[in-house]
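For ligands, and for the atoms within them, numbers begin at 1 and follow the listed sequence. Computed over heavy atoms, backbone and side chain alike; hydrogens, waters and symmetry mates excluded. Predicted model only: the values in this text are computed from it and were never measured.
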Amino acid sequence: MSHSVCVVGSVALDSIKTPTGSADDVLGGSCSYFSVAASFFAPINMVGVVGSDFPEEERAFMESRGINLEGLEVVDGATFRWTGRYHENMNNRDTLDLQLNVFGEFDPKLPPSYRDSALVFLANIQPGLQTSVLSQLGSYKLVGADTMDHWIEESRDDLLELLADVDILSINDSEAEQLSGERNVVVAARKILEMGPKSLLIKRGEYGALLFSANDVFAVPAYPLETVVDPTGAGDCFAGGLFGSLAESGEFTGKGLRRAIVYGSVVASFAVEDFGLGRLKTLSREEVEERYKAFMSLTDFHS
Ligand code: AMP
């Protein structure tokens with residue numbers, strides 16, 4: 001039987017503009033992307049906050065994916081809203097508007113039924129709040145965390161305290177450079193591993209991802225897609241696929257970890273095919289497996 005994964009992060013309504021089109025008020029936020037991606041593999045316990053305006057159909061969608069919403073607090077007021085616009089190359093984006101609303105006062109509280117979650121993923125929120133979630137959990141087996149430029153800059157001490165307890169830190173290449181002060185990704189990874197995490201996943205967008213641990217480096221490409229519609233949340237979906245697969249197999253190191261990283265890349269590759277969580281709304285586990293096999297032939301030079 002799968003372990004369950006507890007995840008805390010933002011739940012948002014996003015408005016997104018890309019060179020190919022736009023979408024308004026679609027389900028977003030790191031916690032939503034992670035949870036939906038991970039739900040293809042394992043039971044998910046979500047911790048987040050939304051306002052009284054949160055659409056019933058998005059709640060019903062997450063419930064239909066088997067996501068436990070007992071820890072999704074509903075507070076009087078408006079849901080967190082983020083508006084972003086991607087540049088022509090899709091790698092860079094500008095935040096056009098950010099309304100924290102009820103997310104600004106977020107104080108995560110775990111329902112008692114979540115305390116036995118074996119895996120926990122602390123998506124991008126203030127590092128002090130990430131630590132408070134860990135302290136509310138019982139006997140977890142694996143801790144993952146993400147962060148962003150703002151917290152590396154503004155809450156560095158809290159972040160360093162958290163990193164001592166993290167098994168897998170998942171960040172992108174510019175965050176790795178900012179956290180370590182090093183341009184070279186290998187040197188940056190070595191320095192970050194010295195800060196505490198047992199493994200470090202560096203996401204490099206369309207160039208794939210690298211996993212560093214004390215004695216190992218593993219590389220996975222991004223699936224070559226002709227059209228990327230919307231890259232929002234790809235990193236959170238990568239982490240969701242990764243943690244979901246680890247929870248499903250119970251193998252947290254070696255082959256289990258490598259397999260999980262490929263699943264992370266597979267789910268992220270589907271997520272970018274439509275706006276928001278559009279593609280994941282119709283995705284099946286069979287399609288996930290087909291693309292997993294396609295990844296194997298894409299990278300096979302041994303047989
Ligand atoms: P990513 O593309 O991985 O950076 O994730 C994008 C998601 O992060 C969007 O769905 C946004 O709603 C959410 N987001 C944007 N800014 C923040 C923030 N300051 N804190 C938490 N979540 C955010």
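- Met46 is not listed as a side-chain neighbour of Val5, based on a closest heavy-atom distance of 4.5 Å or more.
- Phe270 carries Arg291 over the face of its six-membered ring, with the cationic atom under 6.0 Å from the centre and within 45° of the normal.
- Under the 4.5 Å side-chain criterion, counting only non-hydrogen atoms from C-beta, Met195 is in contact with Leu179.
- Of the protein's non-hydrogen atoms, the one nearest atom 22 (N) of ligand 1 is Ser10 OG, 2.9 Å.
- At least one heavy atom of Leu98 sits closer than 4.0 Å to an atom of ligand 1.
- Side chains of Ser265 and Tyr223 form no contact here, defined as non-hydrogen atoms less than 4.5 Å apart.
- Less than 4.0 angstrom separates some heavy atom of Gly28 from each of these atoms of ligand 1: 10 (O).
- Distances below 4.0 Å separate heavy atoms of Gly29 from the following atoms of ligand 1: 9 (C), 10 (O), 12 (O).
- In terms of protein heavy atoms, atom 8 (O) of ligand 1 is closest to Ser30 N, 4.3 Å.
- Interface atoms of ligand 1 facing Ala12, defined by a heavy-atom separation under 4.0 Å, are 12 (O).
- The shortest contact between atom 15 (C) of ligand 1 and any protein heavy atom is with Trp82 CD1, 3.6 Å.
- The cationic group of Arg65 lies under 6.0 Å from the six-membered ring centre of Phe40 and within 45° of the ring axis, placing it in a cation-pi geometry.
- Leu257 is not listed as a side-chain neighbour of Phe218, based on a closest heavy-atom distance of 4.5 Å or more.
- Counting protein heavy atoms only, atom 6 (C) of ligand 1 is closest to Thr232 CG2, 3.7 Å.
- At least one heavy atom of Arg93 sits closer than 4.0 Å to an atom of ligand 1.
- Looking only at protein heavy atoms, the nearest one to atom 3 (O) of ligand 1 is Asp236 OD2, 3.0 Å.
- The side-chain tip of Arg258 does not point at the ring of Phe295 from less than 6.0 angstrom away and within 45° of straight on.
- Close approach of ligand 1 to Asn124 (heavy-atom distance below 4.0 Å) involves ligand atoms 21 (C).
- Closest protein heavy atom to atom 10 (O) of ligand 1: Asp14 OD2, 2.4 Å.
- Of the protein's non-hydrogen atoms, the one nearest atom 20 (N) of ligand 1 is Phe103 CE2, 3.9 Å.
- Among Trp151, Phe80, Tyr33, the residue whose heavy atom lies closest to atom 14 (N) of ligand 1 is Phe80.
- Of the N and O atoms on the side chains of Thr232 and Tyr86, at least one donor lies less than 3.5 Å from an acceptor on the other residue.
- For the pair Lys281 and Phe61, the cation-pi test (distance below 6.0 Å, angle within 45°) is passed.
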